[in-house]
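Order of the sequence lines sets the chain letters (A, B, ...), proteins ahead of strands, with each chain counted from 1.
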Amino acid sequence: MRLSRYFLPTLKETPAEAQIVSHRLMLRAGLMRQHAAGIYTWLPLGFAVLKRIEQIVREEQNRAGAQELLMSTIQSADLWRESGRYDDYGKEMLRIRDRHERDLLYGPTNEEVITDVFRGCVRSYKDLPLNLYHIQWKFRDEVRPRFGVMRGREFLMKDAYSFDLDLDSARHSYNQMFVAYLRTFARLGLKAIPLRAETGPIGGDLSHEFIVLADTGESEVECHGALLEKAVPEGVDYDGDLQPVVDAWTGLYAAADEMRDAAAADALGDTLVRARGIEVGHIFHLGKKYSEAMGATVTGPDGEPVTVTMGCYGIGVSRLVGAIIEASHDEHGIIWPASVAPFHVGLINLKTGDAATDAACATLYERLGPDRVLYDDRDERAGAKFADMDLIGLPWQVIVGPKGLAKGVVELKDRASGAREEVSTESALARLVG
RNA sequence: CGGGGCGUAGCUCAGCCUGGUAGAGCGCUAGCUUUGGGAGCUAGAUGCCGGAGGUUCGAAUCCUCUCGCCCCGACCA
């Protein structure tokens, strides 16, 4: 993509409305603009990142055996009356009335809808287990939206819902999601740890929240230091026994806020790590709360109806954009992990209009691939180009100027470390294409 | 929802206390000079001073109401 034709409104100064670093950088780097409190428009660069995150989430969900579908944003109030949550949910739910005076709502979550789909379509235990997910916009009318996309009212969320015949099977479904989450966050370039979470009315130990470590996180986290060094499982057989993997991750002390245990923490001594974190995922065993209320049953092996056991599993996709920035930035701007970067390389032409640099850049642009490169071909000063490129945080920069070309070199800069090397055009290509 | 703050040019903000012709920097447009870390000079364009009432000869400025946004707290499967 040529920057001269790309819609990338960057800001030199920080808009007054933004307080935390990810919010500031998202505005300054031209990722998004605020539309109303807690509601944002995603600009091309931000949208590209959002889609890359979404794709990684999708791939790992599919790999774990979940199937993607898409439920509507607008839901009927009747379903929520069935589950009993229409009155319980409170003002956080955005309620709408259509022209026929029917009560609708903008979905804050999808248990009712998915349960309705399930009970309408699934009849036999032979169709279980089943895990369905979608990646869809949600709306929760937070009293006080804040922190940009980290705590918006409208947000993009992946939510999966599992249906099982019994508790053992449900635990396996839970474990599949647990492992998929470990892999997902690792692929996103994040250090995420699972924390046991409050389970609410269901009880048991089947609820974990996944926290990304970042100094600016909302919650205070403490955990065994070894958790931070743990290798994420590769080549997982999702049909096999996942319990050992889950146990290995949950066996070490880790807790946030009200779940902290002073005695357990003290016992760790020097191995205890205290940090701050951002919640980016949450998995729950739901039991029969919705299936019972809404009559989601299948015929069991003995011919008798069985009320299915459910679980739900969320990942805050739009929140992850902010969380990644919180976890990965410096004073110059964003530092995207390669896996989510909107472009792999930023190509800087230091002297647009100079025949030699234009030609060298054109060659690099074509051979690196226009889809993977953001080519700054604007007629701007070098300083402005450097500043913008650092701000938007692409993993690599190739800097092409007349001085270097006279020596037969271009500069290759690693955004994360800031390290710069003078290399030949061919060697830059070899490094970046390979 | 309690408490506090802010709405003036695209952005950051001054002006308001003490009423009297709408301001600066950056950005934008044109030209010249510049050209390896957000350039210099010259000439321009840009405002319902968030909105509505009121006080006054006169309101960005004072009063009332209202809308929006931000911050702290409470809240956040």
Side-chain angles (χ1 to χ4, degrees), chain A residues 9-20 23-24 27-28 30 33-40 80 83-85 88-93 107-112 138-148 150-153 155 157 159-161 197-202 206-209 218-219 256-258 278-279 281-287 289-290 310-316 319 331-333 348-354 357 376 378-392 397-407 409-411 413 418 420 422:
Chain A
T10 59
L11 261 25
K12 189 145 84 173
E13 292 176 277
T14 302
E17 74 217 38
Q19 298 299 316
I20 65 162
H23 191 188
R24 291 178 170 183
L27 292 168
R28 286 194 53 213
R33 285 291 183 270
Q34 180 160 323
H35 171 80
I39 302 177
Y40 299 88
W80 287 68
S83 71
R85 287 164 103 193
D88 293 349
Y89 215 90
K91 290 190 168 176
E92 215 175 84
M93 182 153 75
T109 178
N110 288 67
E111 283 83 0
E112 283 79 0
K138 308 287 190 295
F139 193 92
R140 292 181 195 171
D141 199 0
E142 300 273 353
V143 192
R144 189 185 157 208
R146 61 185 120 169
F147 306 145
M150 303 254 287
R151 187 73 177 281
R153 292 192 292 174
F155 56 98
M157 177 165 135
D159 42 325
Y161 302 89
E198 300 218 59
T199 48
I202 308 298
L206 289 182
S207 176
H208 288 86
E209 52 184 328
E218 275 191 271
S219 14
D257 303 328
E258 73 284 352
I278 300 161
E279 182 184 347
H282 205 149
I283 58 178
F284 286 89
H285 173 64
L286 291 172
K289 176 172 177 182
Y290 298 95
M310 295 173 57
C312 72
Y313 316 92
I315 289 180
R319 170 181 280 194
E331 68 270 28
H332 301 296
I348 298 180
N349 184 340
L350 285 179
K351 194 166 183 179
T352 304
D354 177 272
T357 57
D376 192 346
R378 296 174 303 169
D379 184 19
E380 287 288 342
R381 299 176 64 81
K385 295 188 176 191
F386 288 135
D388 269 343
M389 204 55 89
D390 283 348
L391 177 63
I392 66 174
Q397 294 173 18
V398 176
I399 301 160
V400 180
K403 291 180 191 169
L405 286 182
K407 292 190 291 178
V409 297
V410 297
E411 217 168 293
K413 175 175 164 181
R420 305 201 282 185
E422 292 195 329

Between P of B:C11 and CG of A:D388, the distance in whole Å: 18 Å
Distance in angstrom units between A:R144 CZ and B:G73 P, rounded: 7 Å
Nearest whole angstrom, please: distance from the P of B:C11 to the CZ of A:R28. 15 Å
Could you check A:Q34 against A:K413 and say which one's nearest nucleotide on RNA chain B is further toward the 5' end? A:K413
Please compare A:H23 and A:R151 by the position of their nearest nucleotide in RNA chain B and report the one closer to 5'. A:H23
Which base sits across from B:C17 as a Watson-Crick or G-U pair, both distances under 3.5 Å? none
In whole angstroms, how far is the P atom of B:C69 from the CD atom of A:Q19? 15 Å
Whole-Å C1' distance, B:G19 and B:U34: 47 Å
Roughly how many Å apart are B:G38 and B:C26, using the C1' atom of each and rounding to a whole number? 10 Å
Could you tell me how far B:G37 sits from B:A45 if I compare only their P atoms? Round to whole Å. 34 Å
Rounded to whole angstrom units, what separation is found between the NZ atom of A:K385 and the C1' atom of B:G37? 13 Å
How far does the C1' atom of B:U21 sit from the matching atom of B:G25, given to the nearest Å? 23 Å
Nucleotide B:C13, atom P - distance to CG of A:L11 in whole Å: 12 Å
For atom CZ of A:R146 and atom C1' of B:C6, their distance in whole Å: 18 Å
